[in-house]
**Q** 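If you scroll down you'll find the structure; I have some questions about it.
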Amino acid sequence: MSSRFATLGNDLYTGEKSVPVVAQRRRFYIASAVVMLIAVLGLVFQGLNLGLEFRGGSEFRVATTSLPATYEDIARQAIGATESQRAVNVTVVGNNTVRVQTERLNDTDSQAVRQNLAEAFGVPTSEVSGTFIGPSWGASVSQQALRALVIFLALVAVVMSIYFRNWKMAAAALIAVVHDMIITVGIYALIGFEVSPATMIGFLTVLGYSLYDTVVVFDKVRENTTEAFANGRMSYAEAANLAVNQTMVRSINTTIIGVLPVAAVLAVGAIWLGPGVLLDLSLVLFVGIIVGAYSSIFIATPLLVSLRRNEPAVIELAKRASRYQARRAKDVAAAETAEAFGEGDGGAEDPRVAVSAGSGTRAAASGDASTLSGRAVHKYAQSGPRNQPRRPPKSKR
């Protein structure tokens with residue numbers, strides 16, 4: 001399996017095999033547009049499941065000796081919450097601790113909820129803790145995160161424009177980043193994952209990963225397109241598609257290496273540790289890394305080709321590449337025709353050669369060599385031309 005994958009990577013790098021990413025870019029645009037539309041609809045109609053740090057409220061934790069299988073129903077009945085009441089969130093923290101998050105309660109209601117939870121789970125009231133979390137801290141974190149995001153994207157645009165000497169590369173990379181953000185946040189809204197401050201940190205981490213992978217691909221695009229402009233053998237789109245194929249295996253390997261440990265942390269957090277910073281961070285990284293790898297291969301480079309397709313230099317390069325490829329195809333066809341003519345049967349052979357061969361055969365049969373006209377051949381010439389001494393160059397004569 002690994003050897004076949006390595007062979008595929010080598011074929012993609014040399015160009016013997018090619019995935020038409022740029023040529024089929026409209027299909028990838030449509031697929032991404034559909035997914036983004038679904039994500040936006042999820043954000044609009046369902047919204048994000050903001051954690052207690054953002055919306056504020058009361059939190060109760062019940063330390064039980066053994067966790068019942070129906071812990072969620074028991075907790076909801078204890079506080080009088082219906083199953084569809086989204087403001088109430090019941091989860092497990094660690095092995096035997098039940099966490100109940102509700103809207104903000106006053107001191108009297110909070111004390112009543114503590115007693116009800118203690119009776120429902122059969123533990124002393126001292127084993128039930130109640131705390132109040134205000135929304136001001138979450139709002140402050142959100143503002144700081146948005147400010148950091150704007151500054152980050154502005155600096156990225158400037159640095160990439162300077163590094164690649166082309167602002168369209170920076171624009172394509174930023175569009176791919178926005179694509180990743182919308183899809184990742186939309187998945188959170190549709191599935192109902194809780195958004196915590198750790199999730200915000202994960203979003204920023206995903207942006208960095210997506211940009212890193214895109215910059216690696218763009219660096220190969222710049223190398224190939226510079227060579228194409230110099231020799232005129234490939235169009236800009238063909239050179240960019242070759243760059244995507246050359247870095248495709250690397251991007252897949254990097255994604256797998258990045259996703260595997262994140263998936264392991266996600267499994268440990270979901271099965272043993274329960275909700276918390278580790279689970280929130282690993283969840284957004286798992287989703288974001290996969291989406292970022294997709295955009296680096298199938299969105300960023302095709303967008304770059306679309307942005308530059310109307311430039312005069314790119315149009316002229318396409319004409320030069322078309323002429324070169326037409327000449328090359330003509331030469332290859334002529335070579336194949338000549339090879340086929342040379343390897344034909346006796347009917348394609350020069351008749352004079354056939355006559356000479358026939359005469360030589362008759363002469364050999366008669367024991368006397370002769371020319372085509374019937375004259376005798378000298379005995380020293382019968383074995384073929386003799387090796388003549390090589391003449392010295394003119395400078396040494």
Side-chain angles (χ1 to χ4, degrees), residues 32 35-56 89 91 133 135-157 159-160 170-216 251 254-255 257-266 269-270 273 275-300:
S32 294
V35 175
M36 290 174 65
L37 178 61
I38 296 174
V40 171
L41 292 177
L43 286 172
V44 172
F45 293 103
Q46 188 165 345
L48 290 173
N49 182 18
L50 297 176
L52 199 67
E53 296 84 358
F54 293 98
R55 67 175 188 268
N89 186 18
T91 54
I133 300 176
S136 59
W137 185 83
S140 176
V141 170
S142 300
Q143 293 176 358
Q144 296 294 335
L146 290 175
R147 186 179 298 115
L149 177 62
V150 173
I151 296 174
F152 171 75
L153 294 178
L155 290 177
V156 164
V159 171
M160 291 188 67
L174 292 182
I175 293 173
V177 167
V178 174
H179 164 275
D180 299 343
M181 290 178 57
I182 293 175
I183 293 180
T184 304
V185 175
I187 290 175
Y188 261 73
L190 291 171
I191 301 180
F193 294 150
E194 186 180 67
V195 178
S196 66
T199 306
M200 303 293 292
I201 297 173
F203 282 145
L204 297 177
T205 305
V206 166
L207 298 183
Y209 175 86
S210 176
L211 280 172
Y212 165 75
D213 208 20
T214 302
V215 167
V216 171
S251 297
T254 304
T255 302
I257 292 173
V259 165
L260 284 178
V262 173
V265 173
L266 182 61
L273 300 181
V277 175
L278 191 63
L279 182 61
D280 296 339
L281 186 59
S282 60
L283 185 61
V284 69
L285 288 177
F286 183 82
V287 175
I289 288 176
I290 296 176
V291 177
Y294 168 81
S295 68
S296 299
I297 298 174
F298 299 103
I299 299 298

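Hydrogens, waters and symmetry mates are skipped; everything else that's a heavy atom, side chains included, is used. For this chain, numbers begin at 1 and follow the sequence in order. This is a predicted model, so every value here is computed, not measured.
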**Q** With rounding to the nearest 0.5 angstrom, report the CD1 to CD distance, I191 to Q46.
**A**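 Answer for the CD1-CD pair, I191 versus Q46, is 10.0 Å.
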**Q** Applying side chain to side chain donor-acceptor pair (under 3.5 Å), can you list everything that pairs with S32, at least two apart in sequence or on another chain?
**A**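 For S32, the residues satisfying side chain to side chain donor-acceptor pair (under 3.5 Å) (neighbours in sequence not counted) are H179, Y294.
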**Q** Output the distance between atom CG (L190) and atom CD1 (I183), rounded to the nearest 0.5 Å.
**A**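 Rounded to the nearest 0.5 Å, the CG-CD1 separation comes out at 11.0 Å.
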**Q** If I compare all heavy atoms of L43 with all of G186, which pair ends up nearest, and what's the gap?
**A**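 Shortest heavy-atom contact: CG-CA, 4.3 Å.
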**Q** Taking all non-hydrogen atoms of both residues into account, name the closest pair between D213 and A293 and its distance.
**A**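 Minimum heavy-atom separation between D213 and A293: OD2-CA, 4.0 Å.
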**Q** Could you state the interatomic distance from CE (M200) to CG (L146), rounded to the nearest 0.5 Å?
**A**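 Rounded to the nearest 0.5 Å, the CE-CG separation comes out at 6.0 Å.
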**Q** Going by atom types alone, do S296 and T214 pair a side-chain donor with an acceptor below 3.5 Å?
**A**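 Side chains of S296 and T214: pair found under 3.5 Å.
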**Q** Any idea which heavy atoms bring S295 and G292 closest together, and the distance?
**A**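 Reported closest heavy-atom pair: OG-O, 2.9 Å.
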**Q** Taking all non-hydrogen atoms of both residues, which atom of A39 and which atom of I182 are closest, and how far apart?
**A**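 Looking at all heavy atoms of both residues, the shortest contact is CB-O, 3.6 Å.
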**Q** Say you draw a straight line from CG of L266 to CG of L281; how long is it, rounded to the nearest 0.5 Å?
**A**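 L266 atom CG to L281 atom CG measures 10.5 Å (nearest 0.5 Å).
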**Q** Might you point out which heavy atoms bring A157 and A170 nearest each other, and give the distance in Å?
**A**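 A157 and A170 have their closest heavy atoms at O-CB, 3.7 Å.
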**Q** For T184 and M181, indicate whether the former's side chain and the latter's backbone hold a donor-acceptor pair under 3.5 Å.
**A**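 Flag not set: sc T184 to bb M181 has no pair under 3.5 Å.
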**Q** Evaluate the side-chain proximity of L149 to L207: yes if any heavy-atom separation is below 4.5 Å, no if none is.
**A**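 Result yes, sub-4.5 Å side-chain heavy-atom pair found.
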**Q** Check whether Y188 reaches the backbone of V284 with its side chain - one donor and one acceptor, N or O, closer than 3.5 Å.
**A**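 Pair found, side chain donor or acceptor close to backbone of V284.
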**Q** Say you draw a straight line from CD1 of I289 to OG1 of T254; how long is it, rounded to the nearest 0.5 Å?
**A**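 One finds 10.5 Å between CD1 of I289 and OG1 of T254.
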**Q** Working to the nearest 0.5 angstrom, can you tell me the gap between T199 OG1 and L50 CG?
**A**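 Here the rounded value is 10.0 Å.
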**Q** Of V287, V291, L285, I290, which is the lone residue that meets side chain to side chain contact (heavy atoms under 4.5 Å, CB included) with V206?
**A**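 Exactly one candidate clears the test, L285.
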